[in-house]
Structures are given as structure tokens and as C-alpha cells.
A.B. asks: 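After the C-alpha cells below, expect a handful of questions from me.
Computation of the quantities below employed the complete heavy-atom set of this structure, encompassing side-chain atoms and omitting hydrogens, waters and symmetry-equivalent molecules.
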Amino acid sequence: MNRRLPSAVRTAGRMRTTGAHWLLLLTAEREVFGSRRSRRAASFCEVLEQILAQHPPEASGRPEEDAPAG
């Protein structure tokens, strides 16, 4: 588990999340937040999924990354 993940979770709770915190939270595996039976972990992951659905990542703006491979 990434040692900075607990800090990112705490900052999210205090509404002081930086871009680096968001990246860490949104890319972490589900299991790092708790077991599949944990309601608390499930609730936290549901909120992260809602945030991601409402605010999808923006395109990089670099044509070579956005262009289809071919």
C-alpha cells in the first residue's frame, strides 16, 4: 500500500485535497481502502466513483496522445 494514501484520505475528509491527492485516491486499488465487506470502505469508494463520473479527467491537450494509433 502506498504510505501516502492515509494522508490523502484524511485531506479529502477535510476538503483540502490537492491534485496529487486526487490522483492517488482515484488510481488506488479498491482493496487498499478496506475489505470487500467493509461498509466504510465501500461508501468511500462510492463517493470517489461519483466524483470521477461528475468530473472526468480532461484530455491532455497533446495531439500525439489524443490521436488514434494507426
A.B. asks: Could you tell me the separation between the NE2 atom of H21 and the CZ atom of R10, rounded to the nearest 0.5 Å?
C.D. replies: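 The CZ atom of R10 is 9.0 Å from NE2 of H21, to the nearest 0.5 Å.
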
A.B. asks: As an exercise, state the distance from CG of L48 to CG of L26, rounded to the nearest 0.5 Å.
C.D. replies: 5.5 Å

A.B. asks: Under 4.5 Å between side-chain heavy atoms, hopping through other hydrophobics if needed: is there a path connecting L24 to I51?
C.D. replies: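 Same cluster: L24 reaches I51 through Ile, Leu, Val, Met, Phe, Trp or Tyr contacts under 4.5 Å.
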
A.B. asks: Which residue pairs pass the side-chain hydrogen bond (donor to acceptor under 3.5 Å, both in side chains) test when at least one of the two sits in residues 27-36, sequence neighbours left out?
C.D. replies: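 Counting only pairs at least two positions apart or across chains, the side-chain hydrogen bond (donor to acceptor under 3.5 Å, both in side chains) contacts touching residues 27-36 are E31-R36.
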
A.B. asks: So which heavy atom on A8 is nearest to which on T11, and how close?
C.D. replies: O-OG1, 2.9 Å

A.B. asks: Verify the cluster assignment for L23 and V47: are they in a single hydrophobic cluster under the rule of side-chain heavy atoms below 4.5 Å apart?
C.D. replies: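 Unlinked, L23 and V47 end up in two clusters.
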
A.B. asks: If you compare all heavy atoms of L25 against all heavy atoms of L5, which two are closest, and at what distance to 0.1 Å?
C.D. replies: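 Taking every non-hydrogen atom into account, CD2-CD1, 3.9 Å.
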
